[in-house]
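Comments concern the structure below.
Each chain gets a letter, A, B and so on, in the order its sequence line appears, and its residues count up from 1. What's counted below: heavy atoms across the whole structure, side chains too, no hydrogens, waters or symmetry copies.
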Protein chains: 2
Amino acid sequence: MTDTRERIVDATAVLFQRAGYTGTGLKQIAAESGAPMGSLYHFFPGGKEELAASALLASGVGYRLLIEAVLDGATDYVTGVADVFAGAAEALRLSDYADACPIATVALEVASTNDTLRLVTAEVFEDWINTGVHRGVEAGLSAAAARDFAIFFIAALEGGFLLCRAAKSTDPMAAIGRAVVDRLRAELSPTSPAGRGRRR
Amino acid sequence: MTDTRERIVDATAVLFQRAGYTGTGLKQIAAESGAPMGSLYHFFPGGKEELAASALLASGVGYRLLIEAVLDGATDYVTGVADVFAGAAEALRLSDYADACPIATVALEVASTNDTLRLVTAEVFEDWINTGVHRGVEAGLSAAAARDFAIFFIAALEGGFLLCRAAKSTDPMAAIGRAVVDRLRAELSPTSPAGRGRRR
DNA sequence: GTCTATAGCTTGATAGAC
DNA sequence: GTCTATCAAGCTATAGAC
């Protein structure tokens, strides 16, 4: 039997991914996790907000580990990034377009309404970006280029999730993935780094 | 005095942008628009869902016109796209990171919970993409390349809104904008179109 | 068409037995 | 720590006077 607290957090993360923060009720979380209402407030005295913070952080780390596993399974960074987009598209397709970014919906919901949770989502994104910086530098990019690419990579993936879920199609993710992979390849190519010769 | 129905739709669009679909109450919409509850159901017998559909479509068209105005104000497509990212960053900063995409939050909320509204958001995105295709072809891209770029452009902008709102910083939008502009410039350059020599 | 009042339900949160 | 019962407040939706 798994830990009750963990079951609550996991159920919260799953429900947030599908229905968002305001769209998910505590009773729903209690039912999904098999825990009574009392246990929710026992483990999270701060109520829904505290529980949400824990769920966001947990799924943020979980998703990073998932992405890192994909990158680790590839021969190089360029191939790994391509695999991430292909894997994201496949996960969408297999889940009827439910399995996407675990925190994006909540991040947009709370951005202008709950500063505590906004900061939590910012922390998760910063963790992902830092991971990307490390990977990029390892692959041969400068620290600045690696950070810019990581931000661009994450943003493109998030935008892809949005368009794919709305359209219930993986086509957008394919087009977006190609653009991101092309840029990384160009940045890593010693002869013609992207961004050289910017005019503005 | 403006039209009551229009005031209701506008208020809905504004509130949805900040608090999302489930996070916005009909009473709040009534208060913000200055219309009584009865008027909401007079103009939108289908209730919240019908009102939401109208608000999403209206703000979708409104935002497209805003973007097109920026593009029309630029000397060429590359400059126009750069201006869109710069303008998005400025709008975020001036609104304390509230003025972003008018439909993204709702799109993610309803993607797995309300198929009627999901289709409406898909329709808005498709309208935006088609506009981008027209612009891209006009600038010299093939229809296929123009569509891929439009999808990529929109996704990157949406991802930028997400990261900027979470971090309350415009830095992500700057890095993302550079990547998108670089790709468009490469695609339009006759000597080395991006995507040439794909390996996967 | 406008507006008020309220029904019926669900929400987040709490009290208290065990 | 677990579980049930319940509160006050919020929601969507509706009824009915004007």
Problem - Distance in angstrom units between A:Arg5 CZ and D:dT2 P, rounded - result: 13 Å

Practice task
First locate atom CG of B:Asp10, then atom CG of B:Leu15, and finally report the distance between them rounded to the nearest 0.5 Å.
Solution key: 11.0 Å

Handout entry: Distance test, side-chain N/O of A:Thr4 to OP1/OP2 of D:dT2, below 4.0 Å
Key = yes

Problem - side-chain hydrogen bond (donor to acceptor under 3.5 Å, both in side chains) contacts touching residues 104-117 of chain A (sequence neighbours left out) - result: A:Thr22-A:Glu109, A:Glu49-A:Asn114, A:Ser112-B:Arg165, A:Asp115-A:Arg118

Practice task
In whole angstrom, give the distance that lies between atom CD of A:Glu50 and atom P of C:dT14.
Solution key: 12 Å

Exercise for the section: Provide, to the nearest angstrom, the distance between the NE2 atom belonging to A:His42 and the P atom belonging to D:dT4. Expected result: 17 Å

Exercise for the section: Report the C-alpha distance between B:Arg185 and B:Asp76 in whole Å, list the side-chain angles of each, state the deciding distance to 0.1 Å, and finish with yes or no for salt bridge (Lys or Arg N to Asp or Glu O under 4.0 Å). Expected result: CA-CA 11 Å; B:Arg185 191 179 289 128; B:Asp76 56 73; over 6 Å; no

Problem - Working for ring-ring contact (aromatic ring centres under 6.0 Å, His included), residues B:Tyr63 and B:Phe125 - result: CA-CA 11 Å; B:Tyr63 198 70; B:Phe125 286 132; over 10 Å; no

Produce the list of close N/O pairs, under 3.5 Å, pairing protein atoms with atoms of nucleotides 12-16 of chain D; give distances to one decimal.
unit_1 : atom_1 : unit_2  : atom_2 : d
D:dT12 : OP1    : B:Thr24 : O      : 3.4
D:dT12 : OP1    : B:Lys48 : NZ     : 2.9
D:dT12 : OP2    : B:Leu26 : N      : 2.5
D:dA13 : OP2    : B:Tyr41 : OH     : 2.7
D:dA13 : OP2    : B:Lys48 : N      : 3.0
D:dA13 : O5'    : B:Tyr41 : OH     : 3.1

Practice task
May I ask you to verify if any side-chain N or O of B:Ser39 is less than 4.0 angstrom from the OP1 or OP2 atom of C:dG1?
Solution key: no

Completion exercise
Exactly one candidate in B:Ile29, B:Thr12, B:Val106 meets side chain to side chain contact (heavy atoms under 4.5 Å, CB included) with B:Thr24; the answer is B:Ile29

Practice task
Measure up the B:Phe152 and A:Phe152 rings against each other and bin them: parallel (under 30°), tilted (30 to 60°), perpendicular (over 60°).
Solution key: perpendicular

